[in-house]
Amino acid sequence: MEKTVNKERAKLRSHIQIVKDTIENNRKKYFFAEKSQFKFGPIIFSVVGVFFNSYSHASALEQSGQSILPFLENGNYAEVNAFAIDPSVSGEVHDRPDLVQPNQSRHTGNIGQANQFYTAALKLQLTDQINFGILYDQPFAAKTAYPVLPNNSYSDGVSGEGTSVNVKSQNLSFILGYLPIKNFQVYGGPVYQSVEGNVSFRGMAYTEAFNGYNANFKEKGGLGWLIGGSYQIPEIALKAAVTYRSKIKYDFQVDENIFGEPLQYTAPSKTKIETPQSLNIDFQTGIAEKTLAYMNLRWVNWKKFNIRPTQYDTLTAIYMDTLTGGAYKQGIDLDSYQKDQYSVTLGLGQQLTDRWSIGSDIGWDSGSGTPASTLGPVKGFWSFGLGAQYNPTPNYFIAAGVKYFWLGDTKAEGGGYFLPIEGIKDFSEQAEFKNNHAIAYALKFGYRF
């Protein structure tokens with residue numbers, strides 16, 4: 001009897017264990033099925049894309065951030081983006097008679113100019129192993145204008161104009177991606193880029209020799225390339241990508257004049273400019289149900305960038321020869337940067353409902369050296385962004401975001417600060433720029449088909 005009871009008990013324990021195992025297996029299957037769907041992944045990933053834009057005066061000419069994210073979307077996908085930037089940048093001119101009129105305010109006024117730029121993307125999944133994409137962006141820009149003030153530090157009372165710079169660029173990237181093995185993709189392709197701009201120097205800060213100088217860079221196109229690789233684990237909404245973009249070379253025929261009178265100090269020749277090479281690292285992963293963490297790292301080789309138009313080079317060489325008594329006879333750059341730019345963005349995305357998602361991020365940018373040029377007197381930034389996305393239907397969405405930038409303090413220099421000349425640093429420093437900020441707004445429309 002006891003053996004029979006023990007046998008029945010053993011059968012019951014075995015049955016209970018089978019039931020437990022079945023429940024546990026079903027729970028795991030359900031959990032991983034839910035996790036593997038990660039339907040919020042693409043939704044949040046789109047919100048993430050709202051924030052990957054930079055402030056155009058924060059690091060050299062940096063603007064769009066050259067994001068590869070649209071190409072990493074699943075299936076067929078298209079998007080358009082609009083960005084608006086409202087900066088507030090001002091400083092105090094050093095109290096020197098060569099920089100400011102006697103008994104005048106030394107304030108520069110707000111030199112930041114509101115700016116808008118746009119990006120767009122089309123990504124096609126041609127086969128299970130081949131993807132094709134076209135990305136349009138406006139990667140580099142600068143828009144600064146000093147107001148006309150009585151101190152005449154950076155403006156000219158006769159012409160009624162202030163120092164200004166306006167640089168624009170456009171970029172088309174044609175990308176072909178191939179998946180040699182599951183989840184891993186290599187991609188690359190040609191890049192067509194165009195750049196144009198103009199610079200005007202006005203005021204006492206540029207001395208009588210350069211007050212009234214203008215340089216007009218007519219639109220010019222150039223070819224470069226990009227290459228990269230990405231890895232995905234859909235079960236945990238993981239996407240990682242590394243993208244390298246080459247430098248692009250230009251030969252500009254620059255129109256140089258002083259108050260409209262052409263400069264002819266030397267025979268005309270083309271001005272060589274290279275927009276910088278860069279590296280982007282993008283990463284995202286699910287960290288909890290309906291929660292996504294993401295990161296972007298970016299490096300831009302601004303240290304190798306400089307602009308030195310032909311006539312300006314000759315004119316500054318004459319000036320420096322006179323100023324140093326023959327100790328230094330070379331010209332100086334119209335604009336250049338002393339350090340490479342490094343930036344980091346970290347953020348979280350959260351799906352609230354089937355139709356609504358939100359995201360936020362923080363960012364840091366190293367800037368491209370200090371003191372900075374008077375054409376862009378900012379040293380990097382810290383930033384904080386918020387965004388939201390609404391999906392009226394599963395295949396399209398609208399996203400919007402706002403980002404606040406705490407712009408880094410810096411000194412402005414007139415172009416000669418880093419020259420190997422004794423005492424040049426104190427002479428070249430002109431103004432202090434502190435406690436500045438900017439606000440950026442973004443609007444995105446996306447469609448999956």
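Nothing fancy with the numbering, it's 1 onward along the sequence. Predicted model, so just to flag it, every value in this text is computed and none were measured.
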From Phe381 atom CZ to Asp365 atom CG, the distance as rounded to the nearest 0.5 Å: 4.0 Å
Backbone N/O of Gly203 and side chain of Asn211: donor-acceptor pair under 3.5 Å: yes
Tyr337 side chain to Asp335 side chain, donor-acceptor N/O pair below 3.5 angstrom: yes
Expected output: side-chain Lys220 to main-chain Tyr250 donor-acceptor under 3.5 Å: no
Donor-acceptor pair between Asp156 and Ser159 side chains, under 3.5 angstrom: yes
Option passing side-chain contact (heavy atoms from CB on, under 4.5 Å) with Ile68 (candidates Val242, Asn280, Leu135): Leu135
Minimal non-hydrogen separation, Gly65 against Arg298, with atom names: O-NH1, 3.4 Å
Closest non-hydrogen atom pair between Val300 and Pro276, with its separation: CG1-CG, 3.5 Å
Short side-chain donor-acceptor distance under 3.5 Å, Asp137 and Gln66: no
Donor + acceptor pair across side chains of Gln185, Ser230 (<3.5 Å): yes
Listed once per pair and sorted, the ring-ring contact (aromatic ring centres under 6.0 Å, His included) pairs that draw on residues 307-327, sequence neighbours left out: Phe210-Tyr312, Phe210-Tyr319, Tyr213-Tyr312
Met204 side chain reached by Asp98 side chain, heavy atoms, under 4.5 Å: no
SB check Glu73 Lys123 (cutoff 4.0 Å): no
Close side-chain approach of Ser90 and Asn436, heavy atoms under 4.5 Å: yes
Distance, nearest 0.5 Å, that separates CG of Asp354 from OG1 of Thr393: 12.5 Å
Closest approach of Arg448 to Pro394 (non-hydrogen atoms, all atoms of both residues): CD-O, 4.4 Å
Close side-chain approach of Val93 and Thr108, heavy atoms under 4.5 Å: yes
Donor + acceptor pair across side chains of Gln104, Asn152 (<3.5 Å): no
Residue pair Tyr390 / Trp356, side-chain heavy-atom distance below 4.5 Å: yes
Test item: side-chain donor near acceptor, Asn214 and Glu256, under 3.5 Å: no
Atom pair OG (Ser153) and CZ (Arg202), whose distance is rounded to the nearest 0.5 Å: 15.5 Å
Lys303, NZ: over 12 other non-hydrogen atoms inside 6.0 angstrom: no
Short side-chain to backbone donor-acceptor contact, His94 and Arg96, under 3.5 Å: no
Minimum side-chain heavy-atom gap Phe305-Leu61 below 4.5 Å: yes
Check ion pair Glu219-Lys168 (N to O, under 4.0 angstrom): no
Donor-acceptor side-chain pairing of Asn306 and Asp333 below 3.5 angstrom: yes
CZ/Phe259: more than 12 non-hydrogen atoms of other groups inside 6.0 Å: yes
Candidate pair Asn257 and Asp255, rule side-chain contact (heavy atoms from CB on, under 4.5 Å), full reasoning: CA-CA 7 Å; Asn257 65 81; Asp255 175 20; 4.2 Å; yes
Proximity of Tyr447 and Phe449 rings by center, below 6.0 Å: yes
Donor-acceptor pair between Glu79 and Asn81 side chains, under 3.5 angstrom: yes
Nearest heavy atoms of Pro377 and Leu375, plus distance in Å: CD-C, 3.9 Å
Flag for Asn296-Asp282: side-chain donor and acceptor within less than 3.5 Å: yes
Side-chain donor/acceptor of Gln311 to backbone N/O of Tyr265, under 3.5 Å: yes
Minimum side-chain heavy-atom gap Val195-Phe252 below 4.5 Å: yes
Exam field: side chain Asn171 to backbone Val191, donor-acceptor pair closer than 3.5 Å: no
Donor + acceptor pair across side chains of Thr374, Gln430 (<3.5 Å): no
Non-hydrogen side-chain atoms of Leu263 and Ile258 separated by less than 4.5 Å: yes
Separation between NE2 of His437 and OG of Ser88, rounded to the nearest 0.5 Å: 4.5 Å
Criterion side-chain hydrogen bond (donor to acceptor under 3.5 Å, both in side chains) on Arg245 and Ser173, from CA distance to verdict: CA-CA 10 Å; Arg245 288 179 178 269; Ser173 303; 2.9 Å; yes
Distance-only donor-acceptor check, side chains Asn301 and Gln277, under 3.5 Å: yes
Sidechain-backbone polar pair: Gln101 side chain, Asn151 backbone, donor-acceptor under 3.5 Å: no
Ring pair (Phe, Tyr, Trp, His ring centres under 6.0 Å) partner of Tyr244, chosen from Trp299, Trp225, Tyr187: Trp225
Flag for Arg355-Asn391: side-chain donor and acceptor within less than 3.5 Å: no
Between Gln350 and Thr291: side-chain donor-acceptor atoms closer than 3.5 Å: yes
Least distance between heavy atoms, Thr266 atom then Thr310 atom: CG2-CG2, 3.5 Å
Main-chain N/O of Trp364 paired with Ser343 side-chain donor or acceptor, under 3.5 Å: no
Note: Asp361-Lys403 ion pair, threshold 4.0 Å (strictly below): yes
Non-hydrogen atoms of Ala141 and Asn115 that approach each other most closely: CB-ND2, 4.3 Å
Chi angles and distances behind the salt bridge (charged side-chain N to carboxylate O under 4.0 Å, His left out) call for Lys425, Glu413: CA-CA 8 Å; Lys425 288 180 169 52; Glu413 58 94 11; over 6 Å; no
Point-to-point distance, once rounded to the nearest 0.5 Å, from CZ of Phe283 to CE of Met295: 6.5 Å
Carboxylate-amine/guanidinium contact Lys247 Glu274, below 4.0 Å: yes
Residue pair Thr370 / Thr410, side-chain donor-acceptor N/O under 3.5 Å: yes
Atom pair OG (Ser428) and CG (Leu419), whose distance is rounded to the nearest 0.5 Å: 7.5 Å
Side-chain touch Phe83/Phe117, heavy atoms, less than 4.5 angstrom: yes
Test log, rule ring pair (Phe, Tyr, Trp, His ring centres under 6.0 Å), inputs Trp302 and Tyr342: CA-CA 10 Å; Trp302 284 114; Tyr342 298 88; over 10 Å; no
Whether Thr324 side chain and Met320 backbone form a donor-acceptor pair below 3.5 Å: yes
